[in-house]
Amino acid sequence: MASVEERQFRVEPFPGGTPGNQRLVEEGRLPEYAVVGTRPIRHDGTDKVTGRARYGADIKLSGLLQGYVLRSPHAHARIVSIDTSKAAAVPGVHAVCTNADLPSASHRAGDLGEGVVDWYHLNQNVLANDKVLYTGHAVAAVAADSVHVAEEAAKLIEVEYEVLPPVLDVREARSADAPVLNDDVRTDRQPVGEQGDTPTNVAKHFHYEKGDVDTAFAAAELVVEREFTTETVHQGYIEPHTATALWSPDGKITIWTSTQGSFMIRMQVAELLNVPSSKVKVVPMEIGGGFGGKIAVYLQPVAAVLSRMSGRPVKLNMDRSNVFDATGPTPGSYMKVKIGVDADGMITAGEAELLFEAGAFPGSPINPGCMCVFACYDVPNGRIDGYDICVNKPRSNAYRAPGSTHVALATETIVDEICEAQGICPVEFRLKNAVKEGDERVDGVTYPPVGMWETIKAVELSDHWQSPLEGPHQGRGIASGFWFNFGGNSVVAATVNEDGTVSLIEGSTDIGGTRASISMQLAEILGIAAEDVTPTVVDTDSIGYTDVTGGSRTTHATGLAAIKAAEDIQAQLRQRAAILWDVDAEQVEYDSGATLTGPDGQSIGFQEIAGKLNQTGGPVVGRGSVNADKHGGAFGTHIADVEVDPDTGKVQVIRYTVVQDVGTAIHPSYVEGQMQGGAAQGIGWAINEEYYYGDDGRLHNASFLDYRIPTCYDLPDIETIIVEVPNPGHPFGVRGVGEVPIVPPPAAIANAIYQATGARLRSLPMSPPKVLHELLAADQ
Amino acid sequence: MAKKRIISTSINGDSVEFLAAPRQTLLEVLREDLDLIGTKEGCSNGNCGACTVILDGRPVDSCLVLAVEVEGSEVETIEGVAPTDGLHVIQDAFLGQAALQCGICTPGFIMSTKALLEENASPTEDEIRFHLAGNLCRCTGYDKIVRAVQQAAEGETN
């Protein structure tokens, strides 16, 4: 094959999209599929546009009680006593519980797929024991005839607190004289595996090193070192957390909830309530957004305990302020990053010190942050230190490419500075330094075939990049980003119906159209229409263990399971045709037109043989079970045009293009939707989203009015260019889509603001007061 | 707690009587008492628009309306949008343009869109974005929602 630089590319509209939906096409290479790459109506669509889809809060059960959770008004306090007697005496109250009603937990690690938890800490997070560690930390819960009775009763619970000083900033929290949140936390040094011996807020320290960093920096033509800060932000899903539980007298616990992973909820509930996982059935309701924030349990075990105490099913719903106060978020950070280049603009060395907020308990995405900071470029010499640091904020959770957005702000704005200093076009710099197959990351991982270079090429060829800016105070920036993606465990079972359709069941909850993308892969293999597959997401008793819908894994891994199920169906149908024709199954072919052919010219279509299954041995059920480990990493490069109001510092994004290597787009509309939605979240993170705390540690903006996520009036059209560098680890080349698009926006916008104003922003959010401050400083 | 009152109203064209305590919102009564769960709760304070219904021709956040206030009014919810023989042109457009991902905000967007197109049959993109700014979506970035509204407007004027 020709080297990548010699290959010919063009950008053209992606069939079936609007003019803003494009793709990068390589001359002479266009994949040919019947179903993959088309845009069928999603299978669950009608239920969702008619209001019939049932989300977490929509479950109704006879005898259902409603609950209310009492939460801490303090950011950091010792619980001296809790008296629930007045609440329990309120007419209509059926149960009141505290941490004392949970089985005691021990220090052991549990893997939730997008992060590791310590069961002892998760127990404390679900209901505080001897300390509260953030405002909104759950302290007690009430179940009553109505939510209003429960709320009024909860306010009668008397909690005596000994208020302690909070610590909110990572740099303060790691100092020796900072208040320590958790007496049991010791610094865990990785990858060496050493443990500290004194209580500390620094839960983890990751260290990676490659090459000779100090010599490389000393020899570099140009070295740029900068400091960055970002604030705590929330995933901002529109559906609040909710859980309904029934603890039956036979010992079985059923949980109805909206979650990214029903099996993860099963595992956590079983562990925290000390029951076998087989005693817990999780029924996944439709989920109203998650983005990483709906994996860990909050309400589920509490609802189960209230059900056990009351003998009735119990529903717990959070309101929006609870969601902001006590769930999510993703960490605020402090970062110091240094990059050196030679005279030709080739990166020779990189160094990073990254401090991420863990929140109340250890578990920030600091390790992925370390692995992503230099992931887009071939960095021959590198040193990375990352710290996971407890502060008095909610326990942090995954949020779309967790950790990568933070570090991209640092690396990508430094790259922009280097380009300016050396007089190199940012596109050319990235084409020269982009990682390719065989390059080794600083943390030691060697890349398989990846599409970083191709995303830059698509930027270069795009109408957006080639169009001039049109007004004063406007600027354009680009930035790249990386996410690993994930494989993991998935199971699919598919039953052939007598009318020639297939009923598919899966354990992956569908947040953004994966029923369609899974069904399409099965349909492609079988040669039938996507509409002839009926997908259903089922409960944990009805399908095999399936990992979370997260890590951009579902279309890749559950898709692989669907492909295996389809191949299983093909094999079984060949046997059935062999019976009909009295030949050997090896002599029967299954062609892509969904027709089985025999050695003597026999032929039967999928629909016809589907009607003959009962006469040839009974129903056919295809089975696919995978533990996928060949997920391809994915890169994106974004172009942002901004206009900055010089009087107010307000930044308006006026044109935006998302370029991303997706491997292969199964359903391009939902691929574009992921790219657009991720970019919108990144734009919100860049420009105005932040947790705003008082010095007392109270969150001051726990509402959608004050924690303002972008509205449609804030955003421009978001153009997309899909790049398809196939992942060799998947038959159709799927990499995964969901996470990368949130990574580049803050850096791309910071670079655009610089071009528009001459001010370098190194602190998120780039809100009007901060931008105005930088504009005034730049003027002086 | 104050006593419940009998409220007489029209919901999706049907005459409905229900009991409501003065503290209950229209959203709570729709979801908890009338089993109209298609109207969604995202914030309970009028910030997100997931609970949008059409009250006497105007889009409102049903979490900001007390149930007792709808005496004698006409309420339209997502359950009343589709005709008996298929989907409304707006619903078809949302499906065709893939204008939903998780779908929790979709009923609210469809109700706001319906109110917009009843008032202005061919809105500009700026008018669409302005009118829908009270409905939050965290999944889509709004691009495909705007396309769906444009498609619905074209469908309605044809």
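A note on names: the letters A, B, ... follow the listed sequences, proteins ahead of strands, and every chain is numbered from 1.
Your options are B:Glu125, B:Glu41, B:Gln97, and the one with the most heavy-atom pairs under 4.5 Å with chain A is B:Glu125. Of the listed residues A:Lys60, A:Met318, A:Arg52, the one with more heavy-atom pairs under 4.5 angstrom with chain B than any other is A:Lys60. With chain A as partner, the option from B:Cys48, B:Ala98, B:Ala99 having the largest number of non-hydrogen pairs under 4.5 angstrom is B:Ala98. Top candidate by heavy-atom pairs under 4.5 Å with chain B, chosen from A:Ser321, A:Gly236, A:Gly289, A:Gly45, is A:Gly236. Annotation: maximal heavy-atom pairing with chain A below 4.5 Å, among B:Glu32, B:Glu79, B:Gln91, occurs at B:Gln91. Of the residues considered (B:Gly38, B:Gly42, B:Ala82), B:Gly42 shows the highest number of contacts with chain A, using heavy-atom pairs under 4.5 Å. Of the listed residues (B:Ile110, B:Thr39, B:Leu100, B:Val81), the one with the most heavy-atom contacts under 4.5 Å to chain A is B:Leu100. Counting heavy-atom pairs under 4.5 Å between each of A:Pro710, A:Gly20, A:Ala53, A:Ala680 and chain B puts A:Pro710 at the top. The choice from A:Ile718, A:Ile709, A:Ile41 that makes the most heavy-atom pairs within less than 4.5 Å of chain B is A:Ile709.
One finds a salt bridge joining A:Asp58 and B:Arg31 here, because a Lys/Arg side-chain nitrogen approaches an Asp/Glu carboxylate oxygen to under 4.0 Å. A salt bridge between B:Arg23 and A:Glu151 is absent, with no side-chain N of the basic residue lying under 4.0 Å from a carboxylate O of the acidic one.
The part of A:Thr18 that comes within reach of chain B is its side chain, from C-beta onward, which places non-hydrogen atoms under 4.5 angstrom from that chain. Heavy atoms closer than 4.5 Å to chain B are found in both the backbone and the side chain of A:Glu672. Residue contact with chain A, scored on non-hydrogen atoms closer than 4.5 Å, is absent for B:Asp92. Contact annotation for A:Gln681: both backbone and side-chain heavy atoms come within less than 4.5 Å of a heavy atom of chain B. When heavy atoms are compared at a cutoff of 4.5 Å, A:Ile511 approaches chain B by way of both its backbone and its side chain. For A:Thr514, no part lies under 4.5 angstrom from a heavy atom of chain B. Heavy-atom distances place the side chain of A:Asn21, and not its backbone, under 4.5 Å from chain B. Residue A:Pro716 touches chain B through its backbone alone, counting heavy-atom pairs closer than 4.5 Å. Residue A:Ala679: no heavy atom, backbone or side chain, is found under 4.5 Å from chain B.
Using the six-membered ring where Trp is involved, A:Tyr707 and A:Phe324 have ring planes that are tilted, between 30° and 60° apart. Classified by interplanar angle (parallel below 30°, tilted 30° to 60°, perpendicular above 60°), the ring pair A:Phe291/A:Tyr399 is perpendicular.
Screening A:Asp714, A:Asn701, A:Asn688 against A:Arg708 for a side chain to side chain donor-acceptor pair (under 3.5 Å) leaves a single residue, A:Asp714. The one candidate from A:His241, A:Glu239, A:Gln235 that meets the side chain to side chain donor-acceptor pair (under 3.5 Å) condition with A:Tyr237 is A:His241.
Side-chain contact of B:Asn12 with B:Thr77: a donor-acceptor pair under 3.5 Å is present, judged by distance alone. A:His464 and A:Gln22 are not linked by any side-chain donor-acceptor pair at a separation below 3.5 angstrom, with hydrogens and angles left out of the test. A donor-acceptor contact closer than 3.5 angstrom is absent between the side chains of A:Asp325 and A:Asn322.
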Does the salt bridge (charged side-chain N to carboxylate O under 4.0 Å, His left out) test come out yes or no for A:Arg54 and A:Asp47, once each step is laid out?
CA-CA 9 Å; A:Arg54 296 208 307 164; A:Asp47 281 350; over 6 Å; no
Under the side chain to side chain donor-acceptor pair (under 3.5 Å) rule, what do B:Thr124 and B:Asp126 come out as? Steps first, then yes or no, please.
CA-CA 5 Å; B:Thr124 63; B:Asp126 190 68; 5.3 Å; no
